[in-house]
Amino acid sequence: MTALIVADGLTVRYGQQAPILWQTDLTIATNEIVALVGPSGCGKSTLLNAIAGFIPYEGTLTMAGDAIKGPASQRGVVFQNSSLYPWYDVAQNIGFGLRAAQQAPAVVQARVTQLLQLIDLEGQAHKKVFALSGGMRQRVAIARALAPRPPLLLLDEPFGALDAFTRQKMQQLMLSIWRQEQVSLLLITHDLNEALFCGSRIAVMTSTSRQLIATLANPYQGRTEPELSGVQLQQREQFQQRLLTLINQ
Amino acid sequence: MTALIVADGLTVRYGQQAPILWQTDLTIATNEIVALVGPSGCGKSTLLNAIAGFIPYEGTLTMAGDAIKGPASQRGVVFQNSSLYPWYDVAQNIGFGLRAAQQAPAVVQARVTQLLQLIDLEGQAHKKVFALSGGMRQRVAIARALAPRPPLLLLDEPFGALDAFTRQKMQQLMLSIWRQEQVSLLLITHDLNEALFCGSRIAVMTSTSRQLIATLANPYQGRTEPELSGVQLQQREQFQQRLLTLINQ
Amino acid sequence: MSKKRKITLAVWLVLLLLWEVVTRLHLVSGILFPAPEEVLRTFVAIWQHGYNGIPFWQHLGITLWRLFSAILLAIVTAVPLGLASGMSDTVNGLVDSLVQFYRPIPPLAYYTLLILWFGIGESSKIILLYLAAFAPIYLAGVEGVRNLNQDYQLSARSLGASKGQIFRWVIFPGALPSLFTGIRTAVGVSFSTLVAAEMVASTSGIGWMVIDASKYLKSSVMFLGILILGGLGLLLDWLLRRLERRLIFWKGQL
Amino acid sequence: MSKKRKITLAVWLVLLLLWEVVTRLHLVSGILFPAPEEVLRTFVAIWQHGYNGIPFWQHLGITLWRLFSAILLAIVTAVPLGLASGMSDTVNGLVDSLVQFYRPIPPLAYYTLLILWFGIGESSKIILLYLAAFAPIYLAGVEGVRNLNQDYQLSARSLGASKGQIFRWVIFPGALPSLFTGIRTAVGVSFSTLVAAEMVASTSGIGWMVIDASKYLKSSVMFLGILILGGLGLLLDWLLRRLERRLIFWKGQL
Amino acid sequence: QRSQTGQAVTEIRIGILNTPNDVAVARQLGYFQAAFPHQKLKFITFDSGVDANKALLSGGVDFATMGDTNGVVALAAEIPVQLCWINEICGANEALVVRRGAGIKRVKDLAGRKIATPFASTSHYSLMSALSQAGIRDQVTLLDMDTQNIVAAWQRGNIDAAYTWQPTLAQLLPEATVLCDSADLAQQGITTGNITLVRTQFAQAHPHLTQRFVATLDQAHQLRRRHFSQAVSAAARQVGISQREARLQMQGTTWPGASAEFSSAYLGAAGSSGAFVQAMTRTGQFMAGQQTITTAPSEQQFIDFIWKRGKQP
Ligand SMILES: Nc1ncnc2c1ncn2[C@@H]1O[C@H](COP(=O)(O)OP(=O)(O)OP(=O)(O)O)[C@@H](O)[C@H]1O
Ligand SMILES: Nc1ncnc2c1ncn2[C@@H]1O[C@H](COP(=O)(O)OP(=O)(O)OP(=O)(O)O)[C@@H](O)[C@H]1O
Ligand SMILES: [Mg+2]
Ligand SMILES: [Mg+2]
């Protein structure tokens, strides 16, 4: 396992204020999913935005050995507040990255159609984005980030507005993409179950830590409750409790 | 129990398109919490927006007997995408409704301070809203809607961006407010556990129903898992399964 | 008819009535304030026989040609330059102070220089109108970019869009509402520079007609010219707004 | 010094150099294109002895007074009217077509009417500048409201805000970025109407100085006037932008 | 048509004033077409000599008609032009009028009053001269106004007097009396008139054409002398005003004609000075005294300024 993203002594502050992140370290290996959990306002989005190249930082932050200097196509991002382009319809939004990479129109269309199906929005290709429901918007944002097949996906609570069922489908979609393609993910979530289902490792922050306080290997990745024996379920429950305690300490 | 909100044969469409809601009925009684669940894109927000008075409708829709003709201060709303005023700071956003009601500055301040504490944002009174994290924003939006003590609160996935712990706190906050004050709530949520914990009744829509297909009394309101016996837990599980089946049918 | 339309119509009817009454009762001198009928009569006469030996349509045509070529030129140059200046500090450093400097200078003050450099033909007139139209569009471009949510640009770069692509696919549409306001202002401003532009060495054009008439105190022709210019402006603005509604369907949703 | 500033400075130095070279080499006629030294000399002379028997400060003062009273008046009236017109169909029906009608009419065309109604004193000059400044601010107000996310108004009404409160607490701040662009355009436009305004029945003011000089082909005075007007405009715009940065801290975050 | 430099002249551009003058008569009666069958003639109307001067400087026109005060400005500004023709001498068509009943009988009574005139025009110069003669130059408020604005200000009662020309005068006259006109002033040597300037370069390269141009205008002068009403009706049609108006305006002016112009009465014979040249020299001195131009050209400079018909082959 080679390290794709390396953050070493990463410090991030907004303007002249006290730093939000202080000397934190993080490694994301190739083809792993790091689920990042922590209480609201602790700095999860800030960390993700720094990796995305959206905000300046101090310290070391590299992707495949190169310092991160700004947004780039290797790092697909889904914002916490989806920023779809209102002047494009659903299909045009999803195809944006492919058009940017100058793919042939037929290729773009094929991929868009495929993605529309994956996110359960077949037949909505030509809807305006402001005529979408909150959950639909989130799914379009995910599809837009997935479309150009970036080696790293940064997802900031991508399923926050989805009902349980759709959410599960999307989680499974993520995992299957991750299994099929050589892709790494950083997934911010406030749902521990989601973290346990998706994460290869689980990174934890607390309100006051300004750093990752722990990164735990997760033995339950991809395993739904029915798959687990009673003992395993209990162990999982304990693991989850441990995480909760860590987060809120 | 008197009916506060009555929707009778309510039909809502956007422009000339096929109606999103078709002849649906709904009653919200005084001092009850209706939790509305359903898959993404089924029309939950549309229903809430119609009740809020944000979009035109056909059919009957009344609050305390009067037809709803537009937004009004009796109906506090938390949007799915929080629309805080970026030109005001946190405290000014929360105090907006109180200032609109021409409360004395001291009263406004006292209430704002109280609410800041309830939403765990003490000391952040003077932050700019665009310097808030997603979860913080959501909490400010909730506090803003709560501040003027409207008799009806319409909440569109108000806790979607909150971590499990903060989310629980906010749910409990809602319940305690509901118990202490004469207030009714319509709560859209994609989390069945949340619906079960908060809702007096649970209203269900499906992808294709364009109506509420069921409204079920919820015996588990306000009861956390540790409070329930094993049998009760199992019954609750079954109830939840039944809801899931309803939603996704 | 919408309520708004009805009110508008009423306003204009009242104004027309007022005009009629004021001139009927000779409340103001007829030399400088002709009656509506007289203006109408003048219009018919000019429509049929032209003004100064030139048919009405030619006057109108030449004015519109000057205006449209100037505005088109302004749109074509000010839109990319304004957006680029909003995006890039280098471009901003290069052009912004120049635009901000020439912008407040009255056209009448530098018209002399234009005549010296470009002669008294069409080019100096069109350039004058062009300069008047350029500034509001440029400014709207810069502000359109600056007011645009930064997330749009960030996500475009994350999706691998090049600078040019971001320009065309994100900045341009994102600034479009602002640009439209700018273009509407520019149309107004270049219209209102028309008289200055057609004042020198002209023998045709509606602006010239107004100036010429005013010199010989043909007040009904003056009024006619004013009404035509105002009406044209109104019409053009209405067309622009229709276009805007079509193009910027996401207005107020952003 | 930022990179942007450096570039700006370089641009101006290059222009100054070019000017010097062009006049030194007599590439253009010196009659209407004086050398920089000569303009400077004229400036010193006018600074010391005034122009046409009136001290320089008085020329500058009267011009600034006319400008500022006009712009202030325009802000005070056009901001509320524009916002109201963006909010309410009734107000829009009442005033919009009138503004859109007068907006494109060249001031030179209706100046005679202003004199007829308001005389040849300061008022007709200030009104002319006022009318020029009004339209861009009004338009920016209307568009500022229309481009504002509708959720802001809806949530304000849900919070029980009255029409007046929504106006002051939501519409006004929400449209402020747009209004600022409008005001900046208006300042430019009213500056550029200055010569027209001071052309009639005037014997003082920078605009009049330029016109008077151009009548006698005193090119160095003309250039001086142009430079002063451009410089003043630049300065005012810079001040406005500073103010804007302070006031509209949420720019680009919306 | 080839000139001395061997260049074919295909187009002649002529700056004109839109008044019933000799150019208007010549245009209407087709004199120009007859005289220049091989050239395209382009007539460009200028509001004032100010704009005409700029056009001459930029090479936009070859000939331009303007008030003689603007001719002085052109000379003082060293625009490469020459005076080749006097179109008309101002007389009763330009006058100083005062509001009737304002108690103003003589120019002296204007002290403390507001007087409007279009600056840099012949009227401006005439007014300044009249005021200087009365010794009240510094005791009046002068206002720079276009003709139509003079009417507007007059009607509001904002001004007490105005020095202006027809047809504006006619609009003021119902409530006004004439205090003096340009004919009165001309008798005291304060002569004003409209003149035509030619670009020096053009005159030198194409003396034939310049000669023919002058001759064409002289035709109009001759017509006026022989058949006044024919000239009036031609001018009226060309300018688009009524016969009555044209007659009124033309009666107020003098059209000297070529033989008089190139004699000592006006421009002087070859190389020598003439009365009009001397009047212009005084105008230059006066304007320099008013600091409207920086230096007064000398009489010799004015003599050199006149296009020399005598040198023609
Ligand atoms: N402004 C609009 N114009 C047109 N169609 C709209 C508009 N808003 C929503 N819709 C459509 O109405 C349907 C229901 O949307 P709504 O927002 O009510 O869903 P929802 O149940 O709230 O979903 P979610 O859980 O994803 O928020 C969707 O198909 C959506 O595309
Ligand atoms: N643009 C900004 N300027 C200043 N401070 C900011 C800005 N964005 C975020 N912050 C502050 O940084 C801290 C961390 O914010 P961040 O968005 O990273 O939290 P988060 O962990 O993503 O929370 P949530 O789960 O609620 O989204 C918060 O205290 C917030 O107020
Ligand atoms: Mg976050
Ligand atoms: Mg919704």
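Throughout, a chain's letter reflects where its sequence line sits, starting with A, and its residues are numbered from 1. Predicted model, so just to flag it, every value in this text is computed and none were measured.
Sorted by first and then second residue, the salt bridge (Lys or Arg N to Asp or Glu O under 4.0 Å) pairs involving residues 173-182 of chain D (not counting sequence neighbours) form an empty list.
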Worksheet item: Could you walk me through whether C:R146 and D:E244 pass the side chain to side chain contact (heavy atoms under 4.5 Å, CB included) check?
Response: CA-CA 12 Å; C:R146 299 235 165 116; D:E244 184 183 19; over 6 Å; no
Discussion item. Using salt bridge (charged side-chain N to carboxylate O under 4.0 Å, His left out), reason through C:K251 and D:E143 one step at a time and then give a plain yes or no.
Written reply: CA-CA 10 Å; C:K251 191 161 180 166; D:E143 292 307 305; 2.6 Å; yes
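For a residue to count as touching a neighbouring chain, one of its non-hydrogen atoms must lie under 4.5 Å from one of that chain's; by this rule D:V210 touches chain C with the side chain only. Contact of C:V189 with chain D is made through the side chain alone, with heavy-atom distances under 4.5 Å. In this structure, chain C has no heavy atom under 4.5 Å from any part of D:Q153. Of the two parts of C:F180, neither the backbone nor the side chain holds a non-hydrogen atom closer than 4.5 Å to a non-hydrogen atom of chain D.
Nearest heavy atoms, D:G233 versus C:P104: CA-CG, 3.6 Å. Across all non-hydrogen atoms, the minimal contact from C:P107 to D:S192 is CD-O, 3.4 Å.
The local environment of CZ in C:R5 is sparse, with at most 12 non-hydrogen atoms from other residues, nucleotides or ligands closer than 6.0 Å.
Here the straight-line distance linking atom CZ of C:R184 with atom CZ of D:R103 works out to 6.0 Å at 0.5 Å rounding. Here D:N147 contributes atom CG and C:W250 contributes atom CH2; the two are 10.0 Å apart, rounded to the nearest 0.5 Å. How far CG of D:L113 is from CD1 of C:I226: 5.5 Å, rounded to the nearest 0.5 Å. Once rounded to the nearest 0.5 Å, the distance linking CG of D:L232 with CZ of C:F101 reads 10.0 Å. Atom NZ of C:K6 is separated from atom CG of D:D89 by 12.5 Å, given to the nearest 0.5 angstrom.
For C:W238, there are no ring pair (Phe, Tyr, Trp, His ring centres under 6.0 Å) partners, not counting sequence neighbours.
Within residues 130-139 of chain C, the residues having any heavy atom under 4.5 Å from a heavy atom of chain D are, by residue number, C:P136, C:L139. Contact residues of residues 91-99 of chain D toward chain C are D:N92, D:G93, D:L94, D:D96, D:S97, D:L98 (heavy-atom distance under 4.5 Å).
Note: C:T181 leads C:L194, C:T181, C:T193 in heavy-atom pairs under 4.5 Å with chain D. Contacts with chain D were tallied for C:L227, C:L236, C:D151, C:I228; C:L227 has the most, counting heavy-atom pairs under 4.5 Å.
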